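Heavy atoms only: backbone and side chains are in, while hydrogens, waters and symmetry mates are out. Values in this document were obtained by computation on a predicted structure and should not be read as measured data.
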Amino acid sequence: MSCRPPTNTTYLVIGQDLFSINEYVTSQYNYSLHQHINSVNDTSNEVGSGQSISRLVPSAFMVYTDLATLKGLWEPTDYGSGVEYADGVLDLYPSLNQNASHKARSSTGIQIGLWLDGTRGCIAINMGEMEDQINLLISYLERSRASKIFLRLGYEFDNPSFGYSDNPAMYILAFRKIVSDCRNKLSEEATRRVLFVWHSWAAPMAKKSLSLDSFYPGDEFVDWIGVSIFQQFFPWSPPWGGGVQDVENVLDFAHEHDKPTIIAESTPFGGIELMQASHDANDFLENNEYDHDDWGRWFGKVLDVINKHDVSMWCYINCDWESQPMWHNVGFGETRLSSNQNVMSHWHEQIVKNGIANRKFLASGSLENCGSPGMKLLNEAKDESTGESAFGLSHFYSFILVPFLVASGAFFVPYFILGGHKARQVRSSDRERRPLLSNIDEPIVNYSPARTADSHKLS
């Protein structure tokens, strides 16, 4: 089961560290409450019908780890880029899946970026040197409380700086091995919850002789196909940074292979207000007429791509990159939605309130029964005490069937039969996550979190 949502619907996912994720939900809640306060009078709601924060929890959260250490999954870690903690994000808003056979299953999913350490890491995997780590990963996947897990194996495999391009065949074999091991060793129930993502950086590759086919493990091993979107929509994006066509090439490839698509990493590089934009960007803005709308120049274009290609999942990185030591002065900037009133307003109206024609964004709970028409939309009303929609089966019993039975003189026995009388040691890792991009002109030999990543995206 691919977990592809219905046509014109998109799972919303937020990342990429614990406190940035929490800031997203709480800031959206704060905005939503003030919108509500400013639009109604004090007596417009019935008692018990107030605004709930659960309406604003996305369908999944995104986190990172690497196969060598697996830090940041069941234990928190922070190497200067925020706390990574997969189990921790599920504890932030512990809504339980009322329909799961596993009674402690969360209704929220997780999207995991798994670093494989380039060709050398893939060779180690293929030589059987990582069996213990693979088995430990499988153990985690088995017991994870996430409703669904989207596992990006060797994310941005075609990024020239990530070390897979010198021998794509090793990457393919490693991808296949991990997928096969997981499917062979996971229980049937866990196998249905774990989906494998093949994620391209959607920008020029290391050599012209390489193509997406050079890295593709095969349809039987890939569940979803993903892209990164950072600077590709900006006219000042350097040649190596890619453009819109690079993004669309990957999405077209996915459609040719009949795979659901995921924007696996995305944020407007330079910041929402371009406060950390590169010299090239500033030169362009000073010498050219350009749309300075903070929403339209990046978010609007992402939505255009989502609608054009019916993208099934959008993962947005809501982060004050400049405040994190690893990313300070790298160039990502401030991309928290709450940092810009115009963007916050558009996000609330178009994404949270699903104000875009023919496009709906899905919230926590939608992955419980993924692929079915009745999945939960963002901001959809829900009764928190029962986990049911605002009008569910219990309401039918209480407000329709019971009164009917009263009128027919057969109340007490049916009423009691129908139940009408009832009303988780902190350690750090210097390998937990390979940076999204590394210096493209400098080969990676030893990774250290002190190194700046993605610095070449718009430098």
- Message: Against Tyr164, only a single residue in Phe157, Trp115, Phe175, Trp201 fulfils ring pair (Phe, Tyr, Trp, His ring centres under 6.0 Å); can you say which?
- Response: Trp115
- Tell me, yes or no, whether the heavy-atom count around Phe284 atom CZ, taken from other residues, nucleotides or ligands under 6.0 Å, exceeds 12. yes
- Message: Looking at every non-hydrogen atom in both residues, tell me the closest pair between Glu156 and Ser228 and how far apart they are.
- Response: OE2-OG, 2.5 Å
- Query: Between the side chain of Thr261 and the main-chain N/O of Leu251, is any donor-acceptor distance below 3.5 Å?
  - Reply: no
- Item | Ala146 versus Ile149, closest heavy-atom pair with distance | CB-CG1, 3.9 Å
- In plain terms, say whether Glu189 and Arg193 are close enough for a salt bridge, that is, a side-chain N and a carboxylate O under 4.0 Å apart. yes
- Note on the structure: When every non-hydrogen atom of Asn340 is compared with those of Ile272, the smallest separation belongs to CB-CG2, 3.9 Å
- Item | Ion pair Asp293/Lys301, N-O distance below 4.0 Å | no
- Hey, are Tyr64 and Gln111 close enough side-chain-wise for a donor-acceptor pair under 3.5 Å? no
- Please work out which of the three classes, parallel, tilted or perpendicular, describes the rings of Phe215 and Tyr171, given edges at 30° and 60°. perpendicular
- Atom OG in Ser144, atom CG in Leu90: separation rounded to 0.5 Å? 5.5 Å
- Message: Using the ring pair (Phe, Tyr, Trp, His ring centres under 6.0 Å) criterion, which residues pair with Phe61? Sequence neighbours excluded.
- Response: none
- Go through the steps to decide whether Asn22 and Tyr93 satisfy the test side chain to side chain contact (heavy atoms under 4.5 Å, CB included), and finish with yes or no. CA-CA 9 Å; Asn22 188 52; Tyr93 305 98; 2.7 Å; yes
- Item | Check: Asn30/His34 side-chain N/O donor and acceptor closer than 3.5 Å | yes
- Message: For Phe234 and Trp236, take the angle between the two ring planes, folded into 0 to 90°, and tell me which bin it lands in: parallel under 30, tilted 30 to 60, perpendicular over 60.
- Response: parallel
- Are Asn249 and Gln245 close enough that a side-chain donor and a side-chain acceptor fall under 3.5 Å? yes
- Do Ser27 and Leu337 pass the side chain to side chain contact (heavy atoms under 4.5 Å, CB included) test, and can you show the C-alpha distance, the side-chain angles, and the key distance before you say yes or no? CA-CA 9 Å; Ser27 64; Leu337 300 166; 6.0 Å; no
- Query: Distance from Met326 atom CE to Asp17 atom CG, nearest 0.5 Å?
  - Reply: 12.0 Å
- Item | Val311 versus Val305, closest heavy-atom pair with distance | CG2-O, 4.0 Å
- Take the angle between the ring planes of Phe332 and Trp327 and call it parallel below 30°, perpendicular above 60°, tilted in between. perpendicular
- Query: Is a side-chain N or O of Thr9 found less than 3.5 angstrom from the main chain of Pro6, in a donor-acceptor match?
  - Reply: yes
- Item | side chain to side chain contact (heavy atoms under 4.5 Å, CB included) between Trp314 and Val13, worked out | CA-CA 6 Å; Trp314 181 14; Val13 181; over 6 Å; no
- Message: Under a plain distance cut-off of 3.5 Å, with no hydrogens placed, do Asn135 and Asp181 share a side-chain donor-acceptor pair?
- Response: no
- Message: Under a plain distance cut-off of 3.5 Å, with no hydrogens placed, do Tyr85 and Asp91 share a side-chain donor-acceptor pair?
- Response: no
- Sub-3.5 Å donor-acceptor pair from the side chain of Thr119 to the main-chain atoms of Gly163, do we have one? yes
- Message: With rounding to the nearest 0.5 angstrom, report the NZ to CE distance, Lys177 to Met130.
- Response: 11.0 Å
- Query: Closest approach of Ser59 and Leu367, non-hydrogen atoms and distance?
  - Reply: O-CD1, 3.3 Å
- Backbone of Leu67 reached by a side-chain donor or acceptor of Gln133 within 3.5 Å: yes
- The single option from Lys259, Arg152, Met313 that satisfies side chain to side chain contact (heavy atoms under 4.5 Å, CB included) with Val197 is Arg152
- Report the C-alpha distance between His279 and Asp283 in whole Å, list the side-chain angles of each, state the deciding distance to 0.1 Å, and finish with yes or no for side chain to side chain donor-acceptor pair (under 3.5 Å). CA-CA 6 Å; His279 293 301; Asp283 288 344; over 6 Å; no
- Polar contact flag, side-chain donor to acceptor under 3.5 angstrom, Thr69-Asp66: yes
- Item | Polar side chain donor-acceptor pair, Asn8 to Lys360, under 3.5 angstrom | no
- Task: Return yes if a side-chain donor-acceptor contact under 3.5 Å exists between Ser200 and Asp158, otherwise no.
- Result: yes
- Test salt bridge (Lys or Arg N to Asp or Glu O under 4.0 Å) applied to Glu273 - qualifying residues, sequence neighbours left out: none
- May I ask you to decide if the ring planes of Tyr155 and Phe162 are parallel, tilted or perpendicular, using 30° and 60° as cut-offs? perpendicular
- Query: Can we say Arg4 and Asp310 salt-bridge, meaning some charged N sits less than 4.0 Å from an Asp/Glu carboxylate O?
  - Reply: no
- Task: To the nearest 0.5 angstrom, please state how far the OG1 atom of Thr26 sits from the CD atom of Gln28.
- Result: 9.0 Å
- Ion pair present between Lys185 and Glu142, side-chain N to carboxylate O less than 4.0 angstrom? no
- Taking atom types as modelled, find out whether Asn318 and Gln16 have a side-chain donor-acceptor pair closer than 3.5 angstrom. no
- Query: Distance only, no hydrogens: is a donor on one side chain within 3.5 Å (strictly under) of an acceptor on the other, for Thr335 and Trp321?
  - Reply: yes
Can you give me every donor-acceptor pair (side chain of residues 347-354, partner residue at least two apart or in another chain, under 3.5 Å) with its distance?
{"unit_1": "Trp347", "atom_1": "NE1", "unit_2": "Tyr24", "atom_2": "OH", "d": "3.1"}
{"unit_1": "Asn354", "atom_1": "OD1", "unit_2": "Phe361", "atom_2": "N", "d": "2.5"}
{"unit_1": "Asn354", "atom_1": "ND2", "unit_2": "Phe361", "atom_2": "O", "d": "3.4"}

- Query: Will you find, in the side chains of Ser20 and Arg336, an N or O donor that is under 3.5 Å from an N or O acceptor?
  - Reply: no
- Task: Indicate whether the side chain of Ser364 and that of Ser107 have a donor and an acceptor atom separated by less than 3.5 Å.
- Result: yes
- Message: Distance check, rounded to the nearest 0.5 Å: Glu188 atom CD versus Leu186 atom CG?
- Response: 11.5 Å
- Counting N and O atoms only, with roles assigned by atom type, does the side chain of His199 sit under 3.5 Å from a partner on the main chain of Gly226, one being a donor and the other an acceptor? no
- Message: So that I know where these two stand, are Trp224 and Phe196 an aromatic pair - ring centroids less than 6.0 Å apart?
- Response: no
- Exercise: identify the closest heavy-atom pair between Ile172 and Pro217: CG2-CA, 3.9 Å
- Glu84-Thr65 side chain donor-acceptor pair, cut-off 3.5 Å: no
- Item | Arg359 vs Thr10, side chain to side chain donor-acceptor pair (under 3.5 Å): CA-CA, chis, key distance, verdict | CA-CA 7 Å; Arg359 176 63 49 188; Thr10 301; 2.9 Å; yes
- Within the side chain of Gln276, is there an N or O that forms a donor-acceptor pair under 3.5 Å with the backbone of Leu274? no
- Message: Using side chain to side chain contact (heavy atoms under 4.5 Å, CB included), reason through Cys319 and Gln324 one step at a time and then give a plain yes or no.
- Response: CA-CA 9 Å; Cys319 182; Gln324 299 179 345; 3.6 Å; yes
- dist Ile14:CD1 -> Leu56:CG (nearest 0.5 Å) comes out at 11.0 Å
- Mind checking whether Phe253 and Tyr216 have ring centres under 6.0 Å apart? yes
- Task: Using atom types as modelled and distance alone, determine if a side-chain donor or acceptor of Thr267 lies under 3.5 Å from a backbone N or O of Phe269.
- Result: no
